[in-house]
2 protein chains.
Amino acid sequence: MALANNHISVDCVIIGFDGEQLNVLLIERVCEEKGEWTHDMKLPGSLIYQDEDLDEAAARVLQELTGLKNVNMVQFKAFGSKDRTKNPKDVHWLERAMELKVDRIVTIAYLSMVKIDRKLNSHLADYKASWVPLKQIRTLAFDHNLIIKEALMYIRQYVEFNPAALFELLPRKFTALQLRVLFELIYEKELDVRNFHKKIAMMEYVVALEERQQGVSHRAARYYRFDKKIYNKLRH
Amino acid sequence: MALANNHISVDCVIIGFDGEQLNVLLIERVCEEKGEWTHDMKLPGSLIYQDEDLDEAAARVLQELTGLKNVNMVQFKAFGSKDRTKNPKDVHWLERAMELKVDRIVTIAYLSMVKIDRKLNSHLADYKASWVPLKQIRTLAFDHNLIIKEALMYIRQYVEFNPAALFELLPRKFTALQLRVLFELIYEKELDVRNFHKKIAMMEYVVALEERQQGVSHRAARYYRFDKKIYNKLRH
DNA sequence: GCAAAAGTGTTGGGCATACACCCATGA
DNA sequence: TCATGGGTGTATGCCCAACACTTTTGC
């Protein structure tokens, strides 16, 4: 029985929220099969170097493939099914793109939740990286659909212990509606508007601003912001 | 920059409860250094084979190193610091025991919670495996102290969503005291006796038996058992 | 009878749920 | 004036936390 002399990769599940939907950051993959060129999508991820920690590798790979820097990622699961690199399309792509004959790749999956804003998006196109709404995601490379599914399960548990993580998804100023939609998406159930306002009122670290929406064709909503200092104080 | 052609291992954190304390199953490691032979302890863990899934590898390795079969393990975290195999003692051991010159090993850590009973213990000695109380664990091989610490953090979250896991640690018949001590150890805080009894009473899947302790020099405690069928029914 | 652990009830506060109407704004 | 979403209060039930004494048993 051969000891595995395996390759190790990291894959990054970057989740963003556009005010209406959860999105995942995917990059384009160009495949050649029997002379035909096709495109599909994958998570940003690649093999790690010999001399870097897993966390370092994740940060490097994300930057190389999407241009994003300083994204706080958390490792959430390793995927090492022996079948995960068996799809001929994937094998083919690995051989061409990585110049690599590979038996199996164990991948360590990382997760981050970020604000989708102009600064972040400014260079994504250069990398053929784009935000894809969760519900519109088709079949991805390798087992990346599975990885995303598990990332979402992980998020649900994660935010219970780190409510602050939710606010990473929102712009600095956000409305009660945005926050509520976010909760509803993550917990997959609808919330009562009035109870939700009370809930916000009880979260001292969500502070109401005087500022309101402008130019909307209905009563303007109040803005809120997340106060990290208050949050941290309450945690201790 | 060299792509890592890494080795992958699995390590198993098997947690047991003896009625008073949490224990971890460790195996003995014999080291030779400058002609001196020393013993220390490590988690049961080893390299994976080329053709097995991670979960399969964990089950195989645990059986090979401790004789334990059919232990339900859950993957909880990957450890891949580039320094984790840099201790000379560990390097030395790897070269001798694994016949392997290794740059770095990424390990996928698995967790299980089990009953410590005679059946389980019957062959542990043959494997130089033994239960070590958490509080008495000294410096272990590699980063195994860290792995155990993270396992315990993981358990705390895990039992919130899978209360059933706790009962894996207890004998089939257990007293309220045992269950309470277990809660206290895992949550690291003391619980009020009366409130705890109410809590048990509300858990329909914890059923009181007529049977009581025998031969104790104080009022005999009632036994309880965990009813999996009721538990599963309530979860759906 | 005493040491040691088992077992038992009540109260108050906080938190989640359910539920319906008026307000502000732009078109 | 209408369509659209913003924003508000009350009542109820549940769960949790706090708190002290009596019971059983072996020695």
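Order of the sequence lines sets the chain letters (A, B, ...), proteins ahead of strands, with each chain counted from 1. The basis for the numbers below is simple: all heavy atoms, side chains too, and nothing from hydrogens, waters or symmetry mates.
Remark: P of dA20(D) and NE2 of His197(B) are 17 Å apart, rounded to the nearest angstrom. Rounded to whole angstrom, the span from the CD atom of Glu210(B) across to the C1' atom of dA6(C) amounts to 16 Å. One can place CZ of Arg219(A) at 15 Å from C1' of dG26(C), the figure rounded to the nearest angstrom. We find that NE2 of His218(B) is positioned 10 Å from P of dG7(C), with the value rounded to whole Å.
Each end of the helix from dG1(C)-dC27(D) to dA27(C)-dT1(D) gets its own axis, taken as the rotation carrying the C1' atoms of four end pairs onto the next four within a five-pair window, and the two axes meet at 0° to the nearest 10 degrees.
Other residues, nucleotides and ligands contribute at most 12 non-hydrogen atoms within 6.0 Å of the OH atom of Tyr158(A).
Among the nucleotides dA20(C), dG7(C), dG6(D), the one closest to any side-chain atom of Ala176(B) is dG7(C). Here the side chain of Asn195(B) is nearest to one of dC19(C), dC15(C), dA17(D), namely dA17(D).
The base of dA16(C) does not come close enough to the side chain of Asp192(A) for any donor and acceptor atom to sit less than 3.5 Å apart.
Along DNA chain C, the nucleotide closest to Lys189(A) and the one closest to Ser217(A) are compared, and the more 5′ of them pairs with Lys189(A). Residues Gln213(B) and Leu191(A) both approach DNA chain C. Their nearest nucleotides, taken by heavy-atom distance, put Gln213(B) toward the 5′ side.
With hydrogens and angles disregarded, no donor-acceptor distance shorter than 3.5 Å links the side chain of Tyr223(A) to the backbone of Gln213(A). Proximity of a side-chain donor or acceptor of Gln75(B) to a complementary backbone N or O of Lys77(A) within less than 3.5 Å is not detected. Looking only at distances, a side-chain donor or acceptor of Arg156(A) sits under 3.5 Å from a matching main-chain atom of Ile186(A).
Tested against Leu140(A), the residues Leu146(A), Asp40(A), Leu26(A) include a single side-chain contact (heavy atoms from CB on, under 4.5 Å) partner, Leu26(A).
Under 3.5 Å, the side chains of Tyr205(B) and Asn232(B) contain no donor-acceptor pair of N or O atoms.
Using a 4.0 Å heavy-atom distance criterion, Lys198(B) is classed as a base contact.
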